[in-house]
Amino acid sequence: MYDKLVRSEVMRVLSKEVNQFIDKYLTPVEKIWQPSDFLPDTMSATFQDDLEELQTYAHEMDYDVFVTLIGDCITEEALPSYESWIMGIDGVDQEKGEGWAKWVRHWTAEENRHGDLLGKYLYLCGRVNMREVEITTQYLIQDGFDLGTSMDPYRNFVYTSFQETATNISHRRVGTFAKQTGNKKLAKMCAVIAADEARHAKAYKSFITRIFEMDASEMMLAFEDMMKKKIVMPAHLMRESGQKAGELWGHFSDAAQRCRVYTAQDYIDILKELLEDWKIEHITGLNEKAQKAQEYLMKLPARLQRITDRMAEPLLEYQFKWVRS
């Protein structure tokens, strides 16, 4: 367990900086992109041509890449679960609605556009069984998740720092593959979503940096705990119709691994990035337990690399109900 009083005091101090965080890492509503900026305009004289182009490229996409795009969309659409979870962590006061609650609302509003854009794209593309996608999305929100963070802000910010970086990679890679096949419009959609995720990752990483300045030992222990548990993706309980919670996740992660959208190597690389960004190796003034945690974290990438190097490439291609045959 952790000291909630200390956590609450650190969060209270940081809450005074929330407006600065919003100004630095989020974009005003009137200036940021909206889904309609990238989708065919139903009132345009070129709508039918634009729609046919969108559908042609969608049908030509590599199966695994297309499945990963769908899974990324479903993950984004489960946003209500993520907002309610973060609103409940220690130090976030929903009733007053200021401080951290303000950050969560503004962050959620930006994130909400991602699922909106990708969901409409998938609806228009003609290659997706939208009912099955919608069933998976509803189940994902209904089933909830366990991130291993409890209500600890330190652990939650480690998680969001990692997860936002991972989603940046996934969206960016799908966009890259789309661009390589001439699908420039989908590439732009993925690129703007990835850019949002990159900004959000910087924000959450900056929160951790500030916490290290105020409560280094406890922050180090929280980081160690999250990495020992392993960072699970928010959609790890994903399922299709007729399945049990979590039954689909292995197939989805295999598809992402096969097409190199998000891999076990990316997991290691993100960890290395966090170690460097937070200057873990050079943090001083730690208590004995935190020093051991520091040593563990610095050795962890090499340990994970040895495991990853022995992993076999997933070969079985699962047929997802999301994709029309």
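In this chain, residues are counted from 1 in sequence order. Side-chain atoms are counted along with the backbone in the values below, which use heavy atoms only and exclude waters and symmetry mates.
With sequence neighbours left out, the ring pair (Phe, Tyr, Trp, His ring centres under 6.0 Å) criterion links Tyr318 to His251, Phe320.
In this structure, Glu218 pairs ionically with Arg7, as a charged nitrogen and a carboxylate oxygen lie closer than 4.0 Å. In this structure, Arg210 pairs ionically with Glu213, as a charged nitrogen and a carboxylate oxygen lie closer than 4.0 Å. Salt bridge status for Asp277 with Lys205: present, with a side-chain N to carboxylate O gap under 4.0 Å. Salt bridge status for Asp225 with Lys228: absent, with no side-chain N to carboxylate O gap under 4.0 Å. With respect to the salt-bridge test (charged N to carboxylate O, under 4.0 angstrom), the residues Lys299 and Glu295 do not qualify. Using a cutoff of 4.0 Å between basic side-chain nitrogens and carboxylate oxygens, Glu134 and Arg131 are not scored as salt-bridged.
A donor-acceptor contact shorter than 3.5 Å links the side chain of Glu247 to the backbone of Lys244. Of the possible donor and acceptor atoms, none in the side chain of Lys321 sits under 3.5 Å from a partner among the backbone N and O of Glu132. Between the side chain of Ser170 and the backbone N or O of Ala166, no donor-acceptor pair lies under 3.5 Å. Between the side chain of Gln294 and the backbone N or O of Ile283 there is at least one donor-acceptor pair closer than 3.5 Å. Side chain of Arg155 to main chain of Thr149: no donor-acceptor pair is present (N/O by atom type, distance under 3.5 Å, no hydrogens or angles). A donor-acceptor distance shorter than 3.5 angstrom exists from the side chain of Arg127 to the backbone of Met61, with no hydrogens or angles considered. Arg239 contributes no side-chain N or O that, together with a main-chain N or O of Leu248, makes up a donor-acceptor pair within less than 3.5 Å. A donor-acceptor pair under 3.5 Å links the side-chain atoms of Asn168 to the main chain of Ala194, judged by distance alone. Without hydrogens or angle criteria, Asp23 side chain to Gln20 main chain gives no donor-acceptor distance under 3.5 Å.
Note on Tyr159: it clusters hydrophobically with Trp100, by side-chain heavy-atom contacts below 4.5 Å among ILVMFWY residues. Taking hydrophobic clusters as Ile, Leu, Val, Met, Phe, Trp and Tyr residues chained together by side-chain heavy-atom distances below 4.5 Å, Ile86 does not share a cluster with Ile141. Under the 4.5 Å side-chain heavy-atom criterion for grouping Ile, Leu, Val, Met, Phe, Trp and Tyr, Val18 is connected to Leu14 within one hydrophobic cluster. When hydrophobic clusters are built by joining Ile, Leu, Val, Met, Phe, Trp and Tyr residues whose side-chain heavy atoms come closer than 4.5 Å, directly or via intermediates, Leu140 is grouped together with Leu147. The hydrophobic cluster containing Leu274 also contains Ile208, counting ILVMFWY residues as joined when their side-chain heavy atoms lie under 4.5 angstrom apart, directly or transitively.
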Problem - Intermediate values then yes/no, side-chain contact (heavy atoms from CB on, under 4.5 Å), Thr167 and Asp72 - result: CA-CA 8 Å; Thr167 52; Asp72 284 349; over 6 Å; no
Practice task
Start with the C-alpha gap between Val6 and Glu9, add the side-chain angles, then the distance that decides, and say whether side-chain contact (heavy atoms from CB on, under 4.5 Å) holds.
Solution key: CA-CA 5 Å; Val6 174; Glu9 177 59 21; 5.8 Å; no
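The two residues Thr263 and Gln257 have their closest heavy-atom pair at CA-OE1, 3.2 Å.
Put simply, OH on Tyr57 and NZ on Lys184 are 7.5 Å apart, with the number rounded to the nearest 0.5 Å. To the nearest 0.5 Å, the span separating CG on Asp116 from CD on Glu76 amounts to 11.0 Å. One distance of note links CE of Met238 with CE of Met233; it measures 11.5 Å at 0.5 Å rounding.
Ring geometry for Trp107 versus His200: interplanar angle over 60°, hence perpendicular rather than tilted (30 to 60°). Between Phe21 and Phe207, the ring planes are tilted. Angles from 30° to 60° get that label.
Taking the centre of each ring, Tyr204 and Phe162 stay at or above the 6.0 Å mark. Side-chain rings of Phe252 and Trp249 approach one another, their centers coming within less than 6.0 Å.
In summary, of the residues considered (Leu186, Asp62, Val261), a side-chain contact (heavy atoms from CB on, under 4.5 Å) with Phe177 occurs for Val261 alone.
Using a 4.5 Å cut-off on side-chain heavy atoms (C-beta onward), Arg258 and Glu313 make contact.
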